Amino acid sequence: MEHGGRNKFRTALATPRRGMKVGKLHQGRNIMKRLSTLALTTMSLLLLGVVLLAGDVIAQQKSLKEQLVGTWIYVSSTSTRADGSKTDRPNLKGIVIYTSDGHFAFVSVRADLPKLANPDRARATAEEAQAVVAGSIAYYGTYSINEVDKVITPKVEGSTFANMIGGAEQKRIITSLTADELKFTNPRTPSGETLEIVWKRAK
């Protein structure tokens, strides 16, 4: 019996316990799962980065005209006279629309334009008519874009100020253009001023 007891003791030492095998196997599986999860997360982030980068590249490939097309609402403007003096013009409302087929329309009015006493606008008084003419302007026509110099050249076909029709060439120099904001400069208005205007895209 003593001999048999020794054999059992040796067998127990030589044979690993089942619990030890299961524990190591379980631990190995957990490590593999963690590595797989980490790999999948890394791949997902890389794919997301590629998609976002591709979107930026596509946006950058848009032409200036494609970025310009749409409806823009007046935000603010600054007028600079020949003597260098500047005047902000906050009390205005306006809109400019550029279509993909090369047409445009522009309207600018003072926010405090007076209402006419007579419902027939053709019967406005001299004072009323002067206030309307001095406080508003509208014109429309076609436009072209110089993509390199970032210049919009409008060709006026109709205007509340007829002097603009067939007059000196008009230019609008784009100084900034994002998805939501447009800034351009009119280097010389008919009155001889330089006009800087800020617009926001209509939502």
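This one's a predicted model, so the numbers in the text were calculated from it and none came from an experiment.
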Salt bridge (charged side-chain N to carboxylate O under 4.0 Å, His left out) pairs, two or more places apart, involving residues 145-170: none

Side chain to side chain donor-acceptor pair (under 3.5 Å) contacts touching residues 129-141 (sequence neighbours left out): Y139-R172

Results of side-chain hydrogen bond (donor to acceptor under 3.5 Å, both in side chains) for T189 - residues two or more places apart only: S191

Nearest heavy atoms of L68 and L182, plus distance in Å: CD1-CD2, 3.8 Å

Qualifying residues under side-chain hydrogen bond (donor to acceptor under 3.5 Å, both in side chains), relative to S77, sequence neighbours excluded: Y74, R89

Main-chain N/O of K183 paired with S176 side-chain donor or acceptor, under 3.5 Å: no

Atom NZ of K65: over 12 foreign heavy atoms under 6.0 Å: yes

Residue pair W72 / A179: nearest heavy atoms and the distance that separates them: CH2-O, 4.3 Å

Over all atoms of both residues, closest heavy-atom pair of V156 and S159: CG1-CB, 4.0 Å

Pairs flagged by ring pair (Phe, Tyr, Trp, His ring centres under 6.0 Å) wherever residues 81-100 is involved - sequence neighbours left out: Y98-Y143

Same cluster (ILVMFWY, side-chain, under 4.5 Å), V96 and F161: yes

Non-neighbouring partners of D180 that pass salt bridge (charged side-chain N to carboxylate O under 4.0 Å, His left out), sequence neighbours left out: K203

same_hphob_cluster(V151, F104) at 4.5 Å side-chain heavy-atom cutoff: no

Side-chain heavy atoms of N186 within contact of I197, under 4.5 Å: no

Spacing of K171 atom NZ and I152 atom CD1 [to the nearest 0.5 Å]: 12.5 Å

I137 side chain reached by M164 side chain, heavy atoms, under 4.5 Å: yes

Residue pairs fulfilling salt bridge (charged side-chain N to carboxylate O under 4.0 Å, His left out) with at least one residue in residues 117-137, sequence neighbours excluded: D120-R123

Verify same cluster id: V198, L177 (apolar side-chain graph, 4.5 Å): no

Separation of T153 OG1 from I173 CD1 (nearest 0.5 Å): 9.5 Å

Euclidean distance, T175 OG1 relative to F184 CZ, rounded to 0.5 Å: 9.5 Å

Which residues share a side-chain hydrogen bond (donor to acceptor under 3.5 Å, both in side chains) with S100, sequence neighbours left out: none

Sequence-distant partners of D112, salt bridge (charged side-chain N to carboxylate O under 4.0 Å, His left out), two or more places apart: R110

Any donor-acceptor pair under 3.5 Å from E181 side chain to T178 backbone: no

Listed partners of T142 passing side-chain hydrogen bond (donor to acceptor under 3.5 Å, both in side chains), at least two apart: none

Closest contact, heavy atoms only, V132 versus L113: CA-CD2, 4.1 Å

P187 versus T194, closest heavy-atom pair with distance: O-OG1, 3.0 Å

Interatomic spacing from CZ in F106 to CD1 in I95 - rounded to 0.5 Å: 10.5 Å

Any residue meeting salt bridge (charged side-chain N to carboxylate O under 4.0 Å, His left out) with K86, in chain and number order, not counting sequence neighbours: E196

For S85, all residues meeting side-chain contact (heavy atoms from CB on, under 4.5 Å), sequence neighbours excluded: R81, D83

